[in-house]
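A short worksheet on the structure shown next.
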Amino acid sequence: MNADAKKKAAALAALEYVEDGMTVGVGTGTTVNHFIAALKDRRNRIAGAVSSSEASSRLLREAGVEVRSLNDTGDLALYVDGADESTRHLALIKGGGGALTREKIVAAASRRFVCIVDESKVVDVLGRFPLPVEVIPMARSLVARKLAAMGGRPVLRQGFKTDNGNEILDVHNLRITDPAALEAEIGLLVGVVEVGLFARRGADVLLVAGDSGVQALKR
Ligand code: A5P
């Protein structure tokens with residue numbers, strides 16, 4: 001099975017968590033795009049979706065799924081999203097697609113976070129994937145210096161603006177042995193909007209697709 005087929009298998013396995021009448025939190029990325037495509041057949045059985053990005057909103061609307069505002073829905077029963085890396089303890093790096101802030105908001109508002117990945121994303125220690133940090137543009141250099149002082153090598157994502165009009169620093173060379181502590185430390189830097197570590201509120205279920213099928217890891 002190639003990587004995309006594994007992503008699709010993980011996405012289809014997440015359908016099991018979708019119940020009739022739900023408003024589903026929907027993430028961003030190539031794995032979630034398979035989930036959105038599969039939601040098309042369920043569009044008349046769910047109340048709609050809260051989306052974590054303009055890109056996913058567009059795809060949801062094309063699939064006939066109503067995109068709702070989180071301010072109107074209140075808490076969500078379910079959030080489905082991918083990740084760039086996950087530990088077996090379900091701490092994640094996200095934000096490769098730049099949607100980390102809205103993703104973290106939807107995750108915080110959801111009672112169950114089902115994360116869908118292919119097996120290549122599961123790691124022992126987070127940090128091989130550069131850690132995305134969304135910053136207010138005027139604070140970019142200030143935050144970059146602080147991240148460098150923490151031992152990282154921040155690189156500005158060239159030509160990229162988030163849906164919130166901000167910039168992304170991708171931080172290389174981190175070996176993240178305490179994800180919750182680093183999430184808190186970076187989150188407190190002035191000028192940081194969000195950091196793509198999802199450890200304090202990690203996934204509740206990790207659906208990992210490999211050659212032999214989809215395995216569910218639970219928190
Ligand atoms: C988007 O900002 C990210 O958090 C994605 O969820 C993550 O990058 C996974 O993307 P893929 O499913 O495309 O690998």
* State whether R111 and D204 are salt-bridged, where the test is any N-O pair (Lys NZ or Arg NE/NH1/NH2 against Asp/Glu carboxylate O) under 4.0 Å. => no
* To do: Report the relative orientation of the aromatic rings in F113 and Y79; use parallel for angles under 30°, tilted for 30 to 60°, perpendicular for over 60°.
  => tilted
Hey, does [Y] have a side-chain heavy atom less than 4.5 Å from the side chain of [X]?
X: L131; Y: L169; value: no
X: T31; Y: V117; value: no
X: E119; Y: D211; value: yes
X: V26; Y: D81; value: no
X: T162; Y: R102; value: no

* Flag for S57-S51: side-chain donor and acceptor within less than 3.5 Å -> yes
* Asked: Just checking, is any N or O donor in the side chain of T23 or R68 under 3.5 Å from an acceptor N or O on the other one?
  -> yes
Closest heavy-atom pair and its distance - [X], [Y]:
X: P130; Y: D170; answer: CB-CB, 4.0 Å
X: V32; Y: G27; answer: CG1-O, 3.4 Å
X: L76; Y: G25; answer: CD1-CA, 3.8 Å
X: V205; Y: A216; answer: CG1-CB, 4.5 Å
X: S52; Y: T28; answer: OG-OG1, 2.6 Å
X: G96; Y: D84; answer: N-OD2, 2.8 Å

In this structure, are over 12 heavy atoms from other groups packed under 6.0 Å from [X] atom [atom1]?
X: H89; atom1: NE2; answer: no
X: R128; atom1: CZ; answer: no
X: R43; atom1: CZ; answer: yes

* Given the rule in the side chain to side chain contact (heavy atoms under 4.5 Å, CB included) test, do L39 and L60 qualify, once you have shown the distances and angles that lead to the verdict? -> CA-CA 8 Å; L39 272 187; L60 284 160; 4.2 Å; yes
* Look only at the side chain of E194 and the backbone of E134, and say whether a donor-acceptor pair between them is shorter than 3.5 Å. => no
* Criterion side chain to side chain contact (heavy atoms under 4.5 Å, CB included) on D4 and H34, from CA distance to verdict -> CA-CA 9 Å; D4 194 57; H34 289 296; 3.0 Å; yes
